[in-house]
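Letters go in sequence order (proteins before strands), and every chain restarts at 1.
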Amino acid sequence: MKILCVAEKPSISKAVAKILSGESTRTRKTRAKYIMNYDFKFNFPQYGLCDVTMTSVVGHITNIDFPPEYSWGKCPPGRLLEAPTLEVVSQQDVFKNIANEARTANILMIWTDCDREGEFIGWEILQAARSTNTNLTSENVLRSQFSHLERNHILHAAKNPISLDLNAVKAVSCRMELDLRVGASFTRLLTDLFRKSSVANTSMDKDKKSNVISYGTCQFPTLGFIVDRYLRVKSFISEKFWYISVDIKMENDGEVQLVPFTWTRGHFFDRLFVTLIYQDCIANPFGKITKVIRKPTSNWRPLPLTTVELQKDCARIFKMSAKDALDAAEKLYNKGFISYPRTETDQFPQAMDLKELIGKQSQDTRWGSYCSELLHEDKYRTPRGGKNDDKAHPPIHPVNYVNLSALDNDKLKKVYEYVVRRFLACCSDDAKGELNTVTLQWGKEEFTATGLAVIAKNYLNIYPYKKWESSKQLPNFIEGESRSITGGKMKEGKTSPPNHMTEPELIGLMDANGIGTDATIAEHIFKITNRGYVVKTKQRGTEYILPSELGMGLIQGFDRIEFENISLSKPFLRKRLENSLQEIVDGRTTKEQVLREVIQLYRQAFVQSAQKGNILLQAYKDIIDSNNNP
DNA sequence: GCAAGGTC
């Protein structure tokens, strides 16, 4: 019996082959870059001792496109919403390797990631295998389920396969088709429209880095977030507010200390209202300490690391772009130093031997002694678990030790050190402190003062990326005592404008709204930058993302058209599609149904956009004019 | 020359 196993990426096929074979494989090179075929024997309970070939693809091997008669310029762009589509093999060498190896296989076992895209890639692999071996049918195509590479987990997966989830395959093919139809039709429409307009042509050069004005179902909501924030900052009007604050003068060992108390009611925008309350208060020369509470508090260690968190933190701490952070993580992964960097999972599988991983880091001069403390002084704690599990990859963690000096560049060093420290922090205890809260009653109003004493830094000792420090200690107040009010004032403040969009905030928004995935969020930001829709600028050390004139014009133009039931610049439609895809997976609706509904919506929007092209152009011209004559 | 999704 011969079994062909195919994984989604080379690293998985290598690791799985190593586990199943007991480390004795014959390795064959292939014509496809990065891909090896591993031959070995394995005893499957249901088939006995089998000849196994384990190989992989490198992500998708096919893509969807239009036939040549629908290429750019050959048909009106709107036709692309209904035009036939083709499946094209985009990775010939990879496809051929599968086809070759499948010739003599009795069984095909799919080892792609256990997520939606993985299911589709599994289906692509099946097509490649069937191209030479039509005996491979649903009867003898198996799908193994695994979410990490721990030995027993993989052995269990090999022995308990299920079948491909065809609903998931349908859902992905639905997404692909919609993204292509909508993206290609609107891109051609916009590009042709702006090219015909002379004003657009002369003014666009400064924004333009590419000669295409692309529309994408992820690009535009991303751009929309940035424009939205920009407009909120620009149209912000500061408002005055009023509040009461109290200082109490205390003598502590001969030293005079002013203890500031804050009003529990915050602030009000009505000056007269605060004035009346204040007048009521100042009638009393004394206030009363009504409550003194000391209670233990903790500062929680971080959750296990996801891609989105890695990118947000690298932007915040090291000022790296999301793409640079992911690229660096990718390199570290390919060298075997860290685990797979694209994951949504923020909980470690129970069976994973985390202490072994900590042990590997003990040799480091910076964090090695901390590792020893964790392992030998009973300071190790099982990491907290978050709510996310992509069922495909564990959280990002260090796999092997490397000395920072052996890494090529600064970005690699920073990201590796961050991943290690984050992991060690996860395996440490929360920081502990004591929170002291004193409540003061003055007239009818309540005020509080708080003091924090950090008692044990614990994880913070290894995790310099977060600050949690003791505040000035409060003097000893006694419950029930009266205190003279030395500084009771009514003060004025004003609301401050929001900041422009930063990359970590944008990543957070995209993640929360389902725009893009862990693997693509960075690319979408990169793409709209490259298209000239947004620019990054530094202000006082922080990098902000601002819309360009073109980016503003596009979003405002689409908003001015006011489509029915749809917004091309907001995230709702993508989120709705995401829900529909899940319904396809759950069998509550069909791919055809979703395609019909969504295409219908976009067709209406397309027709209107084509008719009202002048509105789109005018919006852009208006932005340029207002910037020239502010 | 168009998308978004995998992965190197």
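If you check every strand for non-hydrogen atoms under 4.0 Å, A/Pro77 touches nothing. Within 4.0 Å of A/Lys331, counting heavy atoms only, lies no atom of the nucleic acid at all. Contacts of A/Phe120 with the nucleic acid, taken as non-hydrogen atoms under 4.0 Å apart, are absent. Across all strands, A/Tyr70 comes closer than 4.0 Å to no nucleic acid atom at all (heavy-atom distances). Counting any heavy atom pair closer than 4.0 Å across all strands shown, A/Gly118 reaches no nucleic acid atom. Across all strands shown, A/Asp65 has heavy atoms under 4.0 Å from base atoms, whether or not it also approaches the sugar-phosphate. Heavy atoms of A/Asn63 sit under 4.0 angstrom from at least one base atom. Contact annotation for A/Glu523: base contact, defined as any heavy-atom pair under 4.0 Å involving a base atom. Heavy atoms of A/Gly59 sit under 4.0 angstrom from at least one base atom. Contacts of A/Arg116 with the nucleic acid, taken as non-hydrogen atoms under 4.0 Å apart, are absent.
Defined by atom type and a distance below 3.5 Å, a donor-acceptor pair is missing between the side-chain atoms of A/Thr306 and A/Asn388.
The phosphate of B/dG5 has OP1 or OP2 within less than 4.0 Å of a side-chain N or O from A/Arg574.
Ring-to-base geometry places A/Trp72 in a stacked arrangement with B/dG1 (centre distance under 5.5 Å, plane angle under 30°). Taking a centre distance below 5.5 Å and an interplanar angle below 30 degrees as the stacking criterion, A/Phe186 does not stack against the six-membered base ring of B/dC2.
Taking the six-membered ring where tryptophan is involved, the planes of A/Phe558 and A/Phe220 are perpendicular, since the angle between them exceeds 60° and thus also 30°.
Residues A/Asp39 and A/Thr53 come closest through the heavy atom pair OD1-OG1, 2.8 Å.
Every ring-ring contact (aromatic ring centres under 6.0 Å, His included) that A/His393 has, sequence neighbours left out, goes to A/Tyr340.
Closest to the side chain of A/Thr517, out of B/dC8, B/dG6, B/dA4, is B/dG6.
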